[in-house]
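First the structure, in the form of structure tokens, and then the observations on it.
First the proteins, then the strands, lettered A, B, ... as listed; each starts at 1. This structure is a prediction, so every number in the text was calculated from the model and none was measured.
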Amino acid sequence: MKLHEYQARELLAGYGIPVPEASLATTPEEARAATEALGGRSVVKAQVHAGGRGKAGGVRLVDSPAAAAEAAEALIGTNLVTHQTSPSGAPVSSVMIAEQTAIATELYLSVLVDAQLRTPVVMASQAGGMEIERVAEETPEKIIRVAADPVFGLWPYQARDIALALDVPPALVRPTAALISSLFKLFVENDCTLVEINPLVITEDERVIALDSKIDIDDDALFRHPDLAKLADPSQDDELEQRARNAGLSYVKLDDGSVGCMVNGAGLAMATMDITLRAGTNPANFLDVGGGAQEETIAEAFDIIVSDPDVKAVLVNIFGGILRCDIAARGVVMGAHQSGSGLPIVVVMRGTNAEEGLEILRKSNLNVTFADDLSEAAPTVARVIAGGAA
Amino acid sequence: MKLHEYQARELLAGYGIPVPEASLATTPEEARAATEALGGRSVVKAQVHAGGRGKAGGVRLVDSPAAAAEAAEALIGTNLVTHQTSPSGAPVSSVMIAEQTAIATELYLSVLVDAQLRTPVVMASQAGGMEIERVAEETPEKIIRVAADPVFGLWPYQARDIALALDVPPALVRPTAALISSLFKLFVENDCTLVEINPLVITEDERVIALDSKIDIDDDALFRHPDLAKLADPSQDDELEQRARNAGLSYVKLDDGSVGCMVNGAGLAMATMDITLRAGTNPANFLDVGGGAQEETIAEAFDIIVSDPDVKAVLVNIFGGILRCDIAARGVVMGAHQSGSGLPIVVVMRGTNAEEGLEILRKSNLNVTFADDLSEAAPTVARVIAGGAA
Amino acid sequence: MSVLVGRDTRLLVQGLGREGSYHASACRAYGSNMVAGVHPNRAGAKFEDAVPVFESVKEAIAETDANVGLIFVPAPGAADAIIEQVDAGMPLIVCITEGVPVQDMVRVRAYVVGSGSRLLGPNCPGLITPGENAKIGIMPGSIHAAGKVGVVSRSGTLTYEAVDQLTRRGLGQSTVVGIGGDPINGTTFVDVLELFEADPETEAVVLLGEIGGTREQEAAEFIADRMSKPVVATIVGQSAPPGRRMGHAGAIVTGPSALASNKIAALREAGAHIAETPADIGETMAGVLK
Amino acid sequence: MSVLVGRDTRLLVQGLGREGSYHASACRAYGSNMVAGVHPNRAGAKFEDAVPVFESVKEAIAETDANVGLIFVPAPGAADAIIEQVDAGMPLIVCITEGVPVQDMVRVRAYVVGSGSRLLGPNCPGLITPGENAKIGIMPGSIHAAGKVGVVSRSGTLTYEAVDQLTRRGLGQSTVVGIGGDPINGTTFVDVLELFEADPETEAVVLLGEIGGTREQEAAEFIADRMSKPVVATIVGQSAPPGRRMGHAGAIVTGPSALASNKIAALREAGAHIAETPADIGETMAGVLK
């Protein structure tokens, strides 16, 4: 789960990490008042769950309350398109009004769980302000990586070593180390999967400030963080992905795909997408209905798949195990009727109750083509899309 | 550092541990009002840093607000003498007014750091309400001991196992396990050296409640718990021990001793006490002046020692190391003058600047006898006390 | 036995809720020797009128000598259940539970390493040795056949797909091991490859990888340096866009080494036989073994 | 060298505040080979115009091959300093700092165990090998003499007392080790007895115990089972009342085994020569060695 910048800022502040003065505005009037309160100048920052806001015009320096109101007016209610959003962009429903900061140096700082080392790692770099992926590619030697003990966490001396390696001014070694320790504590205590401060700035008057921050929370740990769970903003997700989440489905919409995929199991779902691509067609989505799905869930999954206007055919690939094939078949029939979709369907069914499932689909009035196995499935879909023949 | 019961109760409540309804009263009027608020019945409990209050009359069940006021009147401003206090007792400056609880079962629960296992240990017993030392002696098989991992802490399954071993009613296994987990968390997060709930009660209506609790905090960790440090109540300590603490001295008053001991180093201080005892006299105190002591501290130490009316002579045993003997000698002279004490002094001095120190004392007008080494020191003191000859 | 489980397996199932009971029953039906259940509120009862249920793992092991623990405890309590089994000395712990928080696994993994226990999972289908009727997990038993091919996989249903392709071609399995799809888990590809390499009943191995992480690259290194037996490998997720999580928490492309292409190249380089698509696993293995 | 330190010792001192600087200077004056200092604000400087000061232990070891680390860092940072030395691979860490919180030591001790480092202290005077001019700690060097008696003690000045008694009787010391007075610390009596037993330059051992804990009982067991060399022992605190802390955090009588009498009985039973009072240590050793 992603937090908005203003939410992340508050969480940081709660751990004693210095952040810029700022407040949230949902109307131009609030933006004007907030800028007034900051002395007449501010930065107006669109609150969306995506990076690359600056280049996309989502971050605007303004020199007057009127200009702030104008910027807010221009942003709120629109969709911001950045290189990290879908082509339709992410909706801006609020802006953060932050003080302008006189920056001397921009640094980078983050904490994440390193799957290879199996422990949280602090990453830092003197190349702040740019994407860490680019730094990693262009000047990997500039990245400082310090692994914390999986149990003890980050020791203070490690935080100090990072501050020293960042070459901050001597007077800032201690506050920077304290900031790093606090950030690590925040990461662990809130079950984050990523905390990123970019840039971490040294101001001209020698203070260290977390200017912009990004925080992702482990969805699986939200059960023990009810307060964080409340910060979710589903409006930032694709509408179909929202529906899928509500239904307990794992669904990822892909761009420019024509083959809707409905599969049980993540690995098999990826395999299905891959063979679709191999056959010269493009998968329209990843979808794992999960093991415990009931008819209604399958129906909703089908409905979501065919709601994507790019989809020309649906490939159903079920390997019955915990999920029985007859349940899946009934769900598909229900979903097709519910959605009113007349799209062609290609079905592969194996495993538990496969025969019953196939029989249900055969007897339905849907436009179904059957494939015997995985190798046959994709070419069949390609043929169905190309020729239309059932 | 010990907490009062009402302070411990609040700390427990902050961790979600069920405690009886209660409030603090420093006047009979407050006791009356609090009892009124509890429905007219309460328990009036003297707040002192010592166990054994019940037998000493420090805990009184009252059936009316008037009786509560009376009990408070009788307790506040007096000294309560229990088997754990000094003969003069501990001053009662407040009473806790708690609800009366219908008890079905009394259990025992504590957490402490086990020096042998070098990790925190949870101790529990079905024999609640009595001193655990007595349980340990009489029915050791009734004590449940569960060691926590030094780093991970107590796992939930261990808390559950303790609850099961305590044989609480099935419906209370989960809440009791949760209570144990919370108590452990409190112990670690507040750098406790002891957290004890005795009794932990199962009420007649099947709730689990921490009826009485005792919490000791690690003095060495108070630097990171400023809020806890504020809870200290020095009035509970012996007056001389208070003075010693303020001077940064490690001092323990012993009962019925005639030989005041002034030593540098805890081990040597104990050794000095031991040989004093061997020589047929009783040490009046443990006192370690510490390594970094200055003249003024030594003088205060001397003053404290001779302020004990039982002391008949002072044995000064200094092995100069970090502390130089000349500093110690000057401090003794200063302390003798300051206190106006004419008590005989026996001196052993070795190590750094021993000659200078002895010279200073020789030239002073104090009643000093010198001993060459430890073996000579104690008999000399015994002789001085017995015969009076310098 | 082939690897890890077989006819000597004495199964303990922890967490006998709806799902746990269903699968415990299926394991027994397949022939697994379930000797104990653990469930806090059902101690003293008998599961299916046959298997005693205990209130703690320690007690269950003391009474029944269980040597494999299968965990269905819901995610919030899964880490604790694993630790309880470790502390009780369980040699092999199989955690089916999905959705265990990453930081729980950071700590659990550190705790398991250096203990006497091996952990499989979490978020895995378990493992099965068809030739000895030992099914310790949630896979459909009927698609398996006894034989000489070892299978190790990060995924569930894709494993069934691969097993199905093998069985249809008459290629039975020695043991099929699902290591699970989480980024931090107990047993890795390398651990299982090592076991298969040492197992006289295994002649060849199928390795089913996914995008995300670098465990497949570690497997490639092991295959190049230490495997004498042929390995057929496939990596799914070539069509997945970077930065998006594909169901499994571990299946997310976070850098070049997380890409399917990078993993395939490493495995090919190491001498593994690459099944060009997930539909070609059985055929590729048939070619290797013919 | 006798045990732990000697002429091969390359000393690093961490924490060069007032106290640290004073004692570092005294160690050098005694002849110890101090090769590095570590202090966050003084990196680049030279201690006494001779010894380079670094900003981290890791860097200091890399540059100087220091093999013993002496810590004077104040209590709030002492645990972190110990860990920094462990992580930097320091073989022997001596922590003088007094007042380290008990729970810090619970974690530090667990971290040190299984690492390649040995920790002495905290709250200890350090150790000294007079015959090789190696003084790593705060003891007055002048009272020591080279010889064949090993000394191990929980206390500071009492150790000086014992050493003084020995030296006055012409009984020099191989190495004198102060393990510290805290309830949880790095090196125990048993660890040091083991070293003395194995050290050809040590002929007999003085053990100075205190009330509190059970480490003296563990020592007694070791003496009975594994020591061939004579041990002279004394336990101070016979006159201490139960439940009161006598200066040292570890010196508190919490049960029967914490009593001086119980410890003395265990040591006597194990064959140790008991010095009836702390004034009789030298005399008792002289009797044993005559």
A/F319, part contacting chain C, at a heavy-atom distance under 4.5 Å: both
Donor-acceptor check, side chain of A/D218 to backbone of C/P101, threshold 3.5 angstrom: yes or no? no
C/T157-A/N264 side chain donor-acceptor pair, cut-off 3.5 Å: no
Quick check against the 3.5 Å criterion: does C/Q103 have a side-chain atom that pairs as donor or acceptor with the backbone of A/C192? yes
Is it the case that over 12 heavy atoms from other parts of the model lie below 6.0 angstrom from the CZ atom of A/R245? no
Among A/A115, A/G290, A/P283, A/S250, who wins on heavy-atom pairs under 4.5 Å with chain C? A/A115
Option that, when pairs with chain C are counted at under 4.5 Å, heavy atom only, ranks first among A/G321, A/A266, A/A377, A/G257: A/A266
Side chain from CB out, backbone as N, CA, C, O: work out which of these in A/V263 comes under 4.5 Å of a heavy atom of chain C, or both, or neither. neither
Value for CE (A/M273) from CD (C/Q238), rounded to nearest 0.5 Å, stands at 10.5 Å
Given side chains that start at C-beta, do those of C/E218 and A/Q116 come closer than 4.5 Å, heavy atoms only? yes
With a 4.5 angstrom heavy-atom cut-off, could you sort out which part of A/R118 is near chain C: side chain, backbone, both or neither? both
More than 12 foreign heavy atoms under 6.0 Å from CD of A/E239: is that the case here? no
Does a side-chain N-to-carboxylate-O contact under 4.0 Å join C/D104 and A/R224? yes
At a 4.5 Å cut-off on heavy atoms, which part of A/S375 comes close to chain C: side chain, backbone, both, or neither? both
From the list A/T352, A/D288, A/N317, A/D191, the residue making the most non-hydrogen contacts under 4.5 Å with chain C is A/D191
Interface check, chain C: of A/G265, A/P120, A/G351, A/A271, most non-hydrogen pairs under 4.5 Å belong to A/A271
For the residue pair A/I322 and C/H23, establish whether any side-chain heavy-atom pair is separated by less than 4.5 Å. yes
Please report the shortest heavy-atom distance between A/D220 and C/G99, naming the atom on each side. CB-O, 3.2 Å
Derivation of the side chain to side chain contact (heavy atoms under 4.5 Å, CB included) call for C/R107 and A/V188: CA-CA 11 Å; C/R107 286 181 280 266; A/V188 171; 4.1 Å; yes
Examine whether an atom of C/T188 lies under 4.5 Å from a heavy atom of chain A, and if so say whether it belongs to the side chain, the backbone or both; otherwise answer neither. side chain
Which distance, rounded to the nearest 0.5 Å, do you find between the CG of A/N282 and the OG of C/S239? 9.0 Å
Of the backbone (N, CA, C, O) and the side chain (C-beta and beyond), which part of C/L208 lies under 4.5 Å from a heavy atom of chain A, both, or neither? neither
Just give me the residue among A/D373, A/V151, A/V252 that pairs up with chain C most often, heavy atom to heavy atom, under 4.5 Å. A/V252
So if I apply the side-chain contact (heavy atoms from CB on, under 4.5 Å) rule between C/T277 and each of A/L277, A/D274, A/I275, A/L374, which one comes out positive? A/I275
Atom CD of residue position A/E189 - does it have more than 12 heavy atoms of other residues, nucleotides or ligands inside 6.0 Å? yes
More than 12 heavy atoms of other residues, nucleotides or ligands under 6.0 Å from CD of C/Q217: is that the case? yes
Under a 4.5 Å heavy-atom cutoff, which of A/E376, A/Q84, A/E241 has the most pairs with chain C? A/E241
